[in-house]
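Convention: sequence-line order gives letters A, B, ...; per-chain numbering from 1. Only a predicted model underlies this, so the values are computations on that prediction, with no experimental measurement involved.
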Number of protein chains: 2
Amino acid sequence: MANIDRGIQIFRREERHLTKVFKALSDGTRQEILRLLEGRQRTVGEIVGNFNLSQPTISRHLSVLKEADLVVDHRQGQNVIYRLNDGALSTSMQEFFGQFRSCQDVLR
Amino acid sequence: MANIDRGIQIFRREERHLTKVFKALSDGTRQEILRLLEGRQRTVGEIVGNFNLSQPTISRHLSVLKEADLVVDHRQGQNVIYRLNDGALSTSMQEFFGQFRSCQDVLR
DNA sequence: GCGACTCATAATCGCTAGGTCATGGGTTCA
DNA sequence: TGAACCCATGACCTAGCGATTATGAGTCGC
């Protein structure tokens, strides 16, 4: 019974994580940031340069993406560099879409 | 040039559609509704019975899912029956995740 | 046509999300 | 050490979201 409860807890936690991921993806700016990072990692300043939004705004978006585990950052001198968290996207994707029969034939 | 503009318009429209889809998915209740509908189609009343939420609230959630084209409804007598819009999920999935190299090896 | 049933919509409320400007903390270099 | 640069965070405002209750619109059986 304790095992079942633990299983439910894990399920709930992953459900919340999944919700975080979808919330992160449900904004056009954040989608665009991910596309920018697909090519290569970038500094915050480089990312800001691609939008007509203030630096704090982009910084907020980046923290949402980081909270959803979709990006990873590290400091290099004065700059903070963001890159895609490879694997996180595909993992979430399989986790959710794998539940649906109509998606089975699109997943490996 | 007109062709390019038209292409951009299509891109923008699909981008907005994708945002709608992710917004629809970014709520735990709506995720749960989709899982319920995975097994079989259900009336609104049946869906409401699975939650501790009012009927209007569920009705709102259903309209969000419908607006995102993730579900389809039709009336049958007094009831309105909802079912998954098979294909819409997998299409959106490929449309977005196909952009990322790290997802390529998970998609067919 | 009328009451009963099923579902959608209108009006409303509290909270979260996304934007801004101002400011603070870390790092580099002279 | 102090100035300059890069980025994150605090304070704030507005708009949108999720929930509710009340009500309206279709449909069925009598």
* Asked: When the distance from CG of B:Leu53 to P of D:dG18 is rounded to whole Å, what number comes out?
  ->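 Distance check: B:Leu53 CG to D:dG18 P gives 12 Å.
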
For a quick test of reading the model: is some side-chain N or O of [X] closer than 4.0 Å to OP1 or OP2 of [N]?
X: B:His61; N: D:dC17; result: no
X: B:Arg60; N: D:dT20; result: no
X: A:Asn79; N: D:dC5; result: no
X: A:Arg75; N: D:dC7; result: no
X: A:Tyr82; N: D:dA8; result: yes

* To do: Give me the first and last nucleotide of DNA chain C, going 5' to 3', that has any atom under 4.0 Å from a heavy atom of chain B.
  =>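 Reading along DNA chain C, I get C:dC5 to C:dA10.
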
* Should we count CD of A:Glu67 as having more than 12 external heavy atoms under 6.0 Å? ->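 For A:Glu67, atom CD is not crowded (no more than 12 foreign heavy atoms under 6.0 Å).
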
* Using a strict cut-off of less than 4.0 Å between a Lys/Arg side-chain nitrogen and an Asp/Glu carboxylate oxygen, indicate whether B:Glu32 and B:Arg35 qualify as a salt bridge. =>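 Salt bridge: yes.
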
* Toward the 5' end of DNA chain C, by each residue's nearest nucleotide, B:Gln78 or A:Gln76 ->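 Nearer the 5' end of the strand: B:Gln78.
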
* Asked: How would you list, by chain and number, every residue that makes a salt bridge (charged side-chain N to carboxylate O under 4.0 Å, His left out) with B:Asp73, sequence neighbours excluded?
  ->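 Partners of B:Asp73 under the salt bridge (charged side-chain N to carboxylate O under 4.0 Å, His left out) test: B:Lys66.
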
* Asked: Which residues pass the salt bridge (charged side-chain N to carboxylate O under 4.0 Å, His left out) test with A:Arg101, sequence neighbours left out?
  ->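 Listed in chain order: B:Asp86.
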
